[in-house]
Number of protein chains: 2
Amino acid sequence: MMRTRVTLADVAAMARVDRAVVSRVVNKDPTLNIRPETRERVLAAIEELGYRPNVAARSLRTSRAHMFGLFIPDFANPVYAEIIKGAEAEAASQGYVLVTGSATGAGLGEYMDRIGQGRIDGLLLAGAADDSALTAQLDQAAIPWLMLNNRSRGVKRYVILDDQRAAAIAVEHLVLLGHRRIAHLAGPSRADTAARRSAGYSAAMRDAGLPEGPIVAADYTPAGGAAAMARLLTPSSDAAEPPTAVFVANVASAIGAMQAVRAAGLEIPRDVSIVAVHDLELASYLHPALTTVRMPLAELGRRGVTLLGSLKPDDTVAEVLAGPIELIQRSSTAPPGR
Amino acid sequence: MMRTRVTLADVAAMARVDRAVVSRVVNKDPTLNIRPETRERVLAAIEELGYRPNVAARSLRTSRAHMFGLFIPDFANPVYAEIIKGAEAEAASQGYVLVTGSATGAGLGEYMDRIGQGRIDGLLLAGAADDSALTAQLDQAAIPWLMLNNRSRGVKRYVILDDQRAAAIAVEHLVLLGHRRIAHLAGPSRADTAARRSAGYSAAMRDAGLPEGPIVAADYTPAGGAAAMARLLTPSSDAAEPPTAVFVANVASAIGAMQAVRAAGLEIPRDVSIVAVHDLELASYLHPALTTVRMPLAELGRRGVTLLGSLKPDDTVAEVLAGPIELIQRSSTAPPGR
DNA sequence: TTGTAGGCGTTATCAC
DNA sequence: GTGATAACGCCTACAA
């Protein structure tokens, strides 16, 4: 049963005051000096009629939509699920709604058209690729926006995690276990996160006085990880001896990589140890349970929303989020076998 | 660099026509009879100024927000990721934006307050629990809404999948392999999907002339699945002989269940076969690769949005989505060992 | 073929 | 302490 909508005027009529008064009561206007009994009447009428402010009218008037946007490449990627959770929680605490859309490259421009003008007060881009046409479009849309988790050429507003340190933590763990031939299953070369994790790997190997093992790039997918791991395990002329441990840039790739290890007739961690970036609940249910490096993804989402709310039009943001990065040791890493 | 916003009036001034003409050009009013050169001028001005309609003004005037809402319990659950994808795609093709929020029970009411009035034209509830206070609130909000994937007491608008058939397909597969002692790791008792999958299990067992094996309920989580499977494997007085196969109501539980099997020192599928509802990319990377029943989840999301767009206020919808349900056979099922 | 005008529901600036 | 009034930007009958 759909009732006809209730407006300020209805409430005002019922409470026998002007709409302006109702508006200021609703918005808790601190400059409003009102008799307690009048306020009571207004509140009662609101309750009685079930009044809820019309968002369209309000944002037309105030030019604030109380809504933020968040773009991700894919809802099925649990890494983004974490980011969404944090962003949504922070948006909620500010009284904002978060609209999350998945789209890549060209699709994003089309999506922005559907979003239209005046629907969102700010936009977060997580995992977006380089796209100068898009950034131009966003700048023209006259809403604040920033990139999350990865950077893009020419973009000067972003928050990222310390992927380099995460990689170093993973590698140091392997070194401490006694591994010396440590390979790197990297992310796709175009990904900023991949580059920073690879840099962390290289730095940590150098610090440990170890030569860089073979490095193979793969998409952040199980299939990509499986293919890359298969290549790592294939004896080559470069490395007479196969690696005893692999630092995998991403947990999705690691899942595929583990399968490739099994397919090669090897055992984890006896023949090869594996550690990956990003902790998922799933990791502890894999076989063997996967050692990971946990990153504060939800915090990243939260921070992004906070910044959106306080950003001035031409502000620059280049932030590496300070937050706990920790090794979650499980069963996929152990001292080298022989 | 944020430019001042461009309105219809700006475009009209530049094209030397009235705002009304611009509006009708923008909205492709078919009754508009306009000289080609005038239209050209308008289009050029729109392009030149980068005009995009103000959503707030438009929806205030038309009382349509061109936005649908979708509620899910948790972004991290890949089952909902599939539903979101389908819903988003269908919404996009209708020129709508989809806002997806995660909230449960009480949180949903608070979320609806933030959504306010007039921001969304319809609401999809996926995986929502029984909550008559909530449904009352939704009805009062005067927007069409319906439940997706599961039903709730007293709610007469929903679209669900044929979970009963999915369960039967899984059980028939096990029967065909030669299993006779088939246990059921069910979902939580309050979940409608769990009840329908359990009904499918019971019917299929009856059809096969087999006695129902032990049935244990668990949350749709790896932890829940692990605990339940452990109980199933514990010898009890009821069942002298342990099951040779288990039909698991949900893939997340199955992941935990597989771990419990290993922890018990048993091997899949040699000692126990496992088949679960819902196919995920991940399933083929588990060890062993998990046999699943694929359900048309994206199609469910798509159908929900389609219905929202065409629902009359007091329409009733009780639809079991017709769509392919198929067994994806992998390595976790095999004929019984002995 | 194009222009006029009223109003969607709200907020903010006045006035009383 | 409370009320009147003018926008916010757009759509749409109706008029010209």
Side-chain angles (χ1 to χ4, degrees), chain A residues 3-43 45-46 49-66 95 115-119 121 141-142, chain B residues 3-43 45-46 49-66 95 115-119 121 141-142:
Chain A
R3 313 167 41 163
T4 172
R5 62 215 279 176
V6 179
T7 74
L8 263 192
D10 300 326
V11 176
M14 181 169 210
R16 305 188 148 282
V17 295
D18 191 84
R19 297 169 321 184
V21 174
V22 181
S23 171
R24 288 147 87 187
V25 167
V26 168
N27 296 315
K28 307 197 199 322
D29 179 351
T31 75
L32 172 63
N33 221 342
I34 193 179
R35 215 172 309 168
E37 61 209 64
T38 313
R39 157 172 275 130
E40 270 322 308
R41 280 212 315 282
V42 172
L43 260 21
I46 288 174
L49 297 172
Y51 167 75
R52 277 161 63 234
N54 181 298
V55 185
R58 177 177 278 180
S59 45
L60 177 58
R61 182 60 230 242
T62 63
S63 48
R64 319 213 85 241
H66 286 270
I115 284 279
Q117 184 170 96
R119 180 174 267 153
D121 300 327
Chain B
R3 311 168 42 163
T4 171
R5 62 215 281 175
V6 179
T7 75
L8 263 192
D10 299 326
V11 176
M14 181 169 209
R16 306 189 147 280
V17 295
D18 191 83
R19 298 170 328 187
V21 175
V22 181
S23 172
R24 287 143 90 185
V25 168
V26 167
N27 296 316
K28 307 199 199 322
D29 179 351
T31 75
L32 172 62
N33 220 342
I34 194 180
R35 214 173 309 170
E37 60 208 65
T38 313
R39 158 171 274 130
E40 270 321 309
R41 279 212 316 281
V42 172
L43 260 20
I46 288 175
L49 296 171
Y51 168 75
R52 277 160 64 232
N54 181 299
V55 184
R58 176 179 278 181
S59 49
L60 177 58
R61 180 61 233 251
T62 62
S63 48
R64 318 213 87 240
H66 287 269
I115 283 279
Q117 183 169 96
R119 180 174 268 155
D121 300 326

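Numbered from 1 within each chain, the chains take letters A, B, ... in sequence-line order. Here the structure is a predicted model, which is why all the values come from computation and not from measurement.
- Comparing atom distances between the A:Leu60 side chain and each of D:dT2, C:dG9, C:dT2 picks out C:dG9 as nearest.
- Side-chain atoms of A:Asn33 and A:Arg24 form no donor-acceptor pair, as typed in the model, at a separation below 3.5 Å.
- The side chain of B:Thr38 places an N or O atom within less than 4.0 Å of a non-bridging phosphate oxygen (OP1 or OP2) of C:dT2.
- To the nearest 0.5 angstrom, B:Arg39 atom CZ is 10.0 Å from B:Ile46 atom CD1.
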Could you go over nucleotides 3-6 of chain C and give all protein N or O partners under 3.5 Å, atom names and distances?
unit_1: C:dG3; atom_1: OP2; unit_2: B:Asp18; atom_2: N; d: 2.6
unit_1: C:dG3; atom_1: O6; unit_2: B:Arg24; atom_2: NH1; d: 3.0
unit_1: C:dG6; atom_1: N2; unit_2: B:Arg61; atom_2: NH1; d: 2.4

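- Of the possible donor and acceptor atoms, none in the side chain of A:Asp10 sits under 3.5 Å from a partner among the backbone N and O of A:Val6.
- For the pair B:Leu32 and B:Ala57, both in contact range of DNA chain C, the more 5′-proximal nearest nucleotide belongs to B:Leu32.
- Computed from coordinates, the A:Asn54 CG to D:dG9 P distance equals 17 Å when rounded to whole Å.
- Counting heavy atoms from C-beta on, the side chains of B:Val26 and B:Arg58 come closer than 4.5 Å.
- Using a 4.5 Å heavy-atom threshold, the side chains of A:Val55 and B:Gln117 count as separate.
- The line from CZ of B:Arg119 to OG of A:Ser59 is 7.0 Å long, rounded to the nearest 0.5 Å.
- When distances run from any side-chain atom of B:Arg58 to the nucleotides C:dG9, D:dC10, D:dT2, the shortest one goes to D:dC10.
- In this structure, A:Asn27 reaches the sugar-phosphate backbone alone: every heavy-atom distance under 4.0 Å involves primed, P, OP1 or OP2 atoms, never a base.
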